There are 2 protein chains.
Amino acid sequence: MLQDTYIPPTVTVDGVIFQMLDEKLTVLLIKRARDPFMGAWALPGGYNAAGETTHEALNRILTVKAGVSVRQLGVVEQLYTFDSVARDPRGHAVSITYMGLGKGVELNGHDAQSPQFFSVAHLPKLAYDHNKIIVYAHERLKAKLAYTNVAFALLPHEFTLTQLQSVYEAILGTPLDKRNFRKRLLSLDILQETTELSKEGAHRPARLYTFRDRELVTLVRSFD
Amino acid sequence: MLQDTYIPPTVTVDGVIFQMLDEKLTVLLIKRARDPFMGAWALPGGYNAAGETTHEALNRILTVKAGVSVRQLGVVEQLYTFDSVARDPRGHAVSITYMGLGKGVELNGHDAQSPQFFSVAHLPKLAYDHNKIIVYAHERLKAKLAYTNVAFALLPHEFTLTQLQSVYEAILGTPLDKRNFRKRLLSLDILQETTELSKEGAHRPARLYTFRDRELVTLVRSFD
DNA sequence: TCAAAAGTGTTCAGGATACACCCATGC
DNA sequence: GCATGGGTGTATCCTGAACACTTTTGA
């Protein structure tokens, strides 16, 4: 089936890496070093070569361009594959996008392309259609809050329910009722109460919780 | 960024084409003409060459291998992109899968690879991991029944509520309550009552309905 | 004693579920 | 007149939404 004349399209991989900073959802961007869009902010991305999987390519790209390893990310999930406009004489390109969720991600001394986390709520105009890709990833993340334990990947091992609520609020973009939020999250059976308290500030200490699982768990669906 | 030495992975496109036959959900399969898995049933798929989009490749592959045009399909949706095991010396391959939904799809005189629709409930062992891909597509379709009008792509222009219910039941794999089903579907505001009746058989004629839209519509979400 | 965040229950409305009988037709 | 599928309504349960005050601590 494979002719000798078969020439594959260019394949690229792009990553939408989220983490919480200062109670805001932020996304990792780099400054493009070359045309097209030289100097513009963009998602970290690059070519996928023969002999490496898309995950391997993602890891390599994040490492080289931003000093981030996928091992620092609690969740990595494929988003969508775009047919991109040709960027070279080979014709159409295919772009596979991933979403990654982390916490305390360090950008180890890679300032060549100035990797930085930007608040998702106030993004500059990005290269290509990267703004749309981020919106898509954000929607996916919003939806997953409702029926998975994804939030674990964005929080420290132990956290207070108020911290957890602030993550939900930042991602959903709406304030939530404290009592209803606690009732619901506790009823999902994804959290584990610890015996520890966080005592910070001049107020009553807060109970610390952990997630029962540190990997993505999908809760039961609901249609008939 | 693009070295002259860049060699992309092999890119393939596979289609999971569903239609209703005899009140059952069925999927289009072909018999593989070459190794690997020569003689085994498989999803129609093939190489994506430079210069064509994945949609174009899908259309070409379906046309050549099964005599099906994507224009016969009411819905075409990308499913997932798999890193496949290398099938040739180029190394890893990337496989982009699509789901297509049709009705009355004709396989125009292409019996070279014996294209046929098989009941999803009773599939043979397929080549590669195609059984898993079909399960994935089936899950996606189930989920979409709940919050979109996808079913339009599987039904004739006019249909009875009983026909519609039978599509839902076949896909979900459970019987549904007639009164509750009608109440719910009618409340979604995706159907349009016609003035026509279907009079077949020795019983009361049934009201015919159409879908208000003949393109995919997503209903409102529900999280906070 | 004051400020600041933690923690906690009840009421209400709307949607989902369960359930059984009469209707219109062809033969 | 009978067999066949078409068509309809109500009572109940459960989930989601709204809503305000007391508790514990540090300063």
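Excluded from the calculations below are hydrogen atoms, water molecules and symmetry mates; all remaining heavy atoms, backbone and side chain alike, are included. A note on names: the letters A, B, ... follow the listed sequences, proteins ahead of strands, and every chain is numbered from 1. Computed from a prediction, not measured in an experiment: that's the story for all the values here.
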Participant: Is a donor from one side chain sitting under 3.5 angstrom from an acceptor on the other, for Thr148(A) and Thr218(A)?
Facilitator: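 There is no such pair (donor and acceptor under 3.5 Å, judged by atom type) between the side chains of Thr148(A) and Thr218(A).
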Participant: Would you mind reading off the distance between Phe181(B) atom CZ and dG15(C) atom C1', rounded to a whole angstrom?
Facilitator: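 Rounded to whole Å, this separation is 17 Å.
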Participant: Quick one: is dG6(D) close enough that its OP1 or OP2 comes under 4.0 Å of any side-chain N or O from Thr162(B)?
Facilitator: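 True: Thr162(B) side-chain N/O within range (under 4.0 Å) of dG6(D) OP1/OP2.
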Participant: Mind jotting down which residue pairs meet the salt bridge (charged side-chain N to carboxylate O under 4.0 Å, His left out) criterion with at least one end in residues 120-137 of chain A? Sequence neighbours excluded, please.
Facilitator: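 Qualifying pairs: none.
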Participant: Between P on dG7(D) and CD on Gln165(B), what's the gap in Å once rounded to a whole number?
Facilitator: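 Distance, rounded to whole Å: 11 Å.
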Participant: Could you pick out which residue, Asn180(B) or Lys178(A), lies toward the 5' side of DNA chain C when each is mapped onto its nearest nucleotide?
Facilitator: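 The residue closer to the strand's 5' end, by nearest nucleotide, is Lys178(A).
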Participant: Tell whether Lys183(B) reaches the base of dT10(D) with its side chain through a donor-acceptor pair below 3.5 angstrom.
Facilitator: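 Per atom types, the contact qualifies.
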Participant: Is the Phe37(B) to Tyr128(B) ring centre distance short of 6.0 Å?
Facilitator: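 Under 6.0 Å, so yes.
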Participant: Set out, line by line, the N/O atom pairs under 3.5 Å between protein and nucleotides 23-27 of chain C.
Facilitator:
| residue | atom | partner | partner atom | Å |
| --- | --- | --- | --- | --- |
| dC23(C) | O4' | Arg204(B) | NH1 | 3.3 |
| dA24(C) | N3 | Arg204(B) | N | 3.0 |
| dT25(C) | O2 | Ala202(B) | O | 3.1 |
| dT25(C) | O2 | His203(B) | N | 3.2 |

Participant: Just call it for Ser187(B): base, sugar-phosphate, or nothing, with non-hydrogen atoms closer than 4.0 Å on any strand.
Facilitator: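 Nothing: the residue Ser187(B), judged by heavy atoms under 4.0 Å, touches no strand.
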Participant: Would you be so kind as to tabulate the donor-acceptor pairs closer than 3.5 Å made by side chains of residues 15-30 of chain A, with sequence neighbours excluded?
Facilitator:
| residue | atom | partner | partner atom | Å |
| --- | --- | --- | --- | --- |
| Gln19(A) | OE1 | Gly104(A) | N | 2.8 |
| Gln19(A) | OE1 | Val105(A) | N | 3.0 |
| Thr26(A) | OG1 | Gln19(A) | O | 2.7 |

Participant: Under 4.0 Å between a side-chain N/O of Arg182(A) and OP1 or OP2 of dG7(C), yes or no?
Facilitator: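 True: Arg182(A) side-chain N/O within range (under 4.0 Å) of dG7(C) OP1/OP2.
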Participant: In whole angstrom, give the distance that lies between atom CG of Leu186(A) and atom P of dG7(C).
Facilitator: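 It is 10 Å, rounded to the nearest whole Å.
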Participant: Classify the side-chain pair Thr63(B)/Ser69(B) by whether it contains a donor and acceptor separated by less than 3.5 Å.
Facilitator: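 Not at all, the side chains of Thr63(B) and Ser69(B) share no donor-acceptor pair under 3.5 Å.
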Participant: For Arg184(A) and dG9(C), what is the distance between atoms CZ and P respectively, to the nearest whole Å?
Facilitator: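 Taking atom P of dG9(C) as the reference, CZ of Arg184(A) is at 19 Å.
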Participant: Can you tell me the distance, in whole Å, between the CD atom of Glu23(A) and the P atom of dA5(C)?
Facilitator: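 Value for this atom pair: 11 Å.
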Participant: For a quick check under 3.5 Å, do Asn48(A) and Thr54(A) share a side-chain donor-acceptor pair by atom type?
Facilitator: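 No, no side-chain donor-acceptor contact under 3.5 Å.
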Participant: Would you kindly give the CZ-to-P distance between Arg179(A) and dG16(D), to the nearest whole Å?
Facilitator: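 Distance check: Arg179(A) CZ to dG16(D) P gives 17 Å.
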Participant: CG of Leu185(A) versus P of dG16(D): gap in Å, rounded?
Facilitator: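 Rounded to whole Å, this separation is 12 Å.
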Participant: Rounding to a whole Å, what distance do you find between Asp177(B):CG and dG15(C):C1'?
Facilitator: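 From Asp177(B) CG to dG15(C) C1': 15 Å.
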Participant: Is Glu196(B) salt-bridged to Arg207(B), cutoff N-O under 4.0 Å?
Facilitator: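 A salt bridge is absent here (no side-chain N lies under 4.0 Å from a carboxylate O).
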